[in-house]
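First the proteins, then the strands, lettered A, B, ... as listed; each starts at 1.
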Number of protein chains: 2
Amino acid sequence: MRAADRAYATVRDGILCGTYAAGSRLTETEVAQTAGVSRTPVREALRRLHAEGLVNFEPNHGAVVAAFELEDAEEIFELRALLEPVCARRAAERASPDLIAELRSLSQQQIEESSRRAAGHLARIGALNDQFHRLIQRAADSPRLAKTLSGLIEAPLILRTFAQYAPGELQRSADQHLELVQAIEAHDGAWAHSIMHAHILAGRATYLRGRRSR
Amino acid sequence: MRAADRAYATVRDGILCGTYAAGSRLTETEVAQTAGVSRTPVREALRRLHAEGLVNFEPNHGAVVAAFELEDAEEIFELRALLEPVCARRAAERASPDLIAELRSLSQQQIEESSRRAAGHLARIGALNDQFHRLIQRAADSPRLAKTLSGLIEAPLILRTFAQYAPGELQRSADQHLELVQAIEAHDGAWAHSIMHAHILAGRATYLRGRRSR
DNA sequence: GACTTGCAAATTGTATACAACATGAGGCTA
DNA sequence: TAGCCTCATGTTGTATACAATTTGCAAGTC
């Protein structure tokens with residue numbers, strides 16, 4: 001693994017896990033020591049994270065961990081509600097049987113986890129959810145769409161902290177994934193578009209409710 | 001100006017002007033010598049250009065200038081047709097009188113240039129067009145939307161080479177800009193959305209026709 | 001004659017040393 | 001005492017030296 005990748009992973013994980021709090025400074029030297037590399041690859045990693053919106057640069061003051069306000073969350077959900085349905089429609093028009101099978105498997109695992117609710121099910125569901133959405137992106141076969149969305153998917157990993165699922169919401173989310181698989185299998189772009197749109201808006205509502213209750 | 005910025009500008013201009021042809025390699029040493037800086041800022045510049053989609057990295061083989069195929073153009077127009085209308089709608093809901101005045105000024109200059117057709121009018125119109133679209137983005141006040149679109153606006157600067165305007169198309173484009181200003185001034189989001197959508201699709205048609213005629 | 005293996009050149013990746021710049025504290029002066 | 005100036009410190013920005021990896025070519029062998 002390249003040193004730049006190690007530095008990138010170190011900082012990214014630190015941000016997503018909350019080790020690096022929003023607003024805290026990331027000096028190159030400190031990150032370099034933490035990751036066990038020199039400053040050069042650290043600079044590359046920080047620039048990459050900046051491009052992804054996870055850190056900001058204050059001029060001549062280095063990098064700070066990006067803070068996500070309510071406004072940012074609204075913006076992110078608005079863009080996802082716009083782009084992911086298009087992704088789903090393209091996926092419905094293009095997906096191969098193999099890929100559909102994989103999607104189905106993911107959504108069925110998610111349904112199981114959602115009904116069993118065994119220890120650590122939230123983390124596992126989160127991972128399954130990510131995999132599902134990324135697979136849809138791959139099926140959409142649009143590099144620029146995928147790149148745009150990846151910057152919007154990263155952030156929710158932070159936002160997720162806020163999500164407090166009401167009874168039934170986990171189940172609904174999993175059910176929507178399954179319905180999306182059916183729409184894609186039927187190569188029905190409009191159906192896929194609609195259900196994905198509803199899915200994102202439902203997620204938005206869950207997030208906002210969770211946030212208000214703090 | 002920082003060395004990294006100089007390196008960035010050097011390569012970017014080279015790509016947009018066609019000095020660096022699509023597919024050609026960009027070795028760090030060569031770029032460093034051309035820009036008159038060391039390799040370190042060149043690396044940063046190339047990474048930035050990669051994030052913007054203007055260059056690609058072949059593993060352990062350095063950077064190559066990105067090539068834009070018909071497929072890429074289709075993808076870019078599809079995304080612009082999706083995002084720029086939303087931008088216009090947001091602008092209509094938010095724009096200040098000052099900003100509207102600026103937009104009006106730009107579109108009127110464009111109308112003049114389009115009817116006079118003096119020497120070099122195509123270049124000037126291109127610049128005015130860019131300014132106009134970027135100003136709409138600023139009015140939309142959505143950093144992530146702007147960032148996403150900037151990566152899609154860069155590419156058309158290359159694609160523009162293909163554009164061959166039929167008589168009246170320049171005039172129509174300028175007229176659409178003016179109508180957009182009116183929609184924004186009326187704070188009519190739906191109107192702004194519609195006219196921008198038509199505007200992008202018209203641009204797409206012009207591009208595709210120009211491309212086919214080669 | 002074709003394939004493999006080893007070497008050399010070139011290029012990227014990394015580390016470190018140095019320069020420039022901004023910042024903040026402390027003392028000096030009015 | 002308030003304001004300003006100076007200097008020390010820390011951080012980023014840049015250059016360069018070095019390491020590691022790859023690629024193409026050539027020579028040797030089967």
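- Closest to the side chain of Ala3(A), out of dT14(D), dA15(C), dT12(C), is dA15(C).
- Rounded to 10 degrees, the angle separating the terminal helix axes of the helix from dG1(C)-dC30(D) to dA30(C)-dT1(D), each built from five base pairs, is 10°.
- Distance CD (Gln33(B)) to P (dA15(D)): 13 Å, rounded to an integer number of Å.
- Note on Glu78(B) versus Arg204(B): no salt bridge recorded, every NZ/NE/NH1/NH2 to OD/OE distance being 4.0 Å or above.
- Looking at residues 39-52 of chain B, you'll see Arg39(B), Arg43(B), Arg47(B) sit with a heavy atom under 4.0 Å from some atom of DNA chain C.
- Counting only residues at least two apart or on different chains, no salt bridge (charged side-chain N to carboxylate O under 4.0 Å, His left out) pair has a member in residues 91-100 of chain A.
- For Asp5(A), the salt bridge (charged side-chain N to carboxylate O under 4.0 Å, His left out) criterion is met by Arg2(A), Arg48(A), not counting sequence neighbours.
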List, one per line, each side-chain donor-acceptor pair under 3.5 Å for residues 26-33 of chain B, sequence neighbours excluded.
| residue | atom | partner | partner atom | Å |
| --- | --- | --- | --- | --- |
| Thr27(B) | OG1 | Glu30(B) | N | 3.4 |
| Glu28(B) | OE1 | Arg39(B) | NE | 2.9 |
| Glu28(B) | OE1 | Arg39(B) | NH2 | 2.8 |
| Glu28(B) | OE2 | Arg43(B) | NH1 | 2.9 |
| Glu30(B) | OE2 | Thr34(B) | OG1 | 3.4 |

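- Atom-to-atom distance recorded for Leu149(A):CG and Cys87(A):SG is 5.5 Å, nearest 0.5 angstrom.
- The ring-ring contact (aromatic ring centres under 6.0 Å, His included) search around His133(A) returns His177(A), His199(A), not counting sequence neighbours.
- Contact annotation for Arg6(A): no contact, since no heavy-atom pair falls under 4.0 Å across all strands.
- To the nearest angstrom, P of dT12(D) lies 9 Å from CZ of Phe57(A).
- A cation-pi arrangement is not found for Arg209(A) relative to Tyr165(A), the charged atom failing to lie both closer than 6.0 Å to the ring centre and inside a 45° cone about the ring normal.
- Look at CD on Glu28(B): it is 18 Å from P on dC18(D), rounded to the nearest Å.
- For Asp5(B) and dT12(D), the CG to P distance is 17 Å, given to the nearest whole Å.
- Arg211(A) and Glu74(A) are not joined by a salt bridge, as no carboxylate oxygen comes within less than 4.0 angstrom of a charged side-chain nitrogen.
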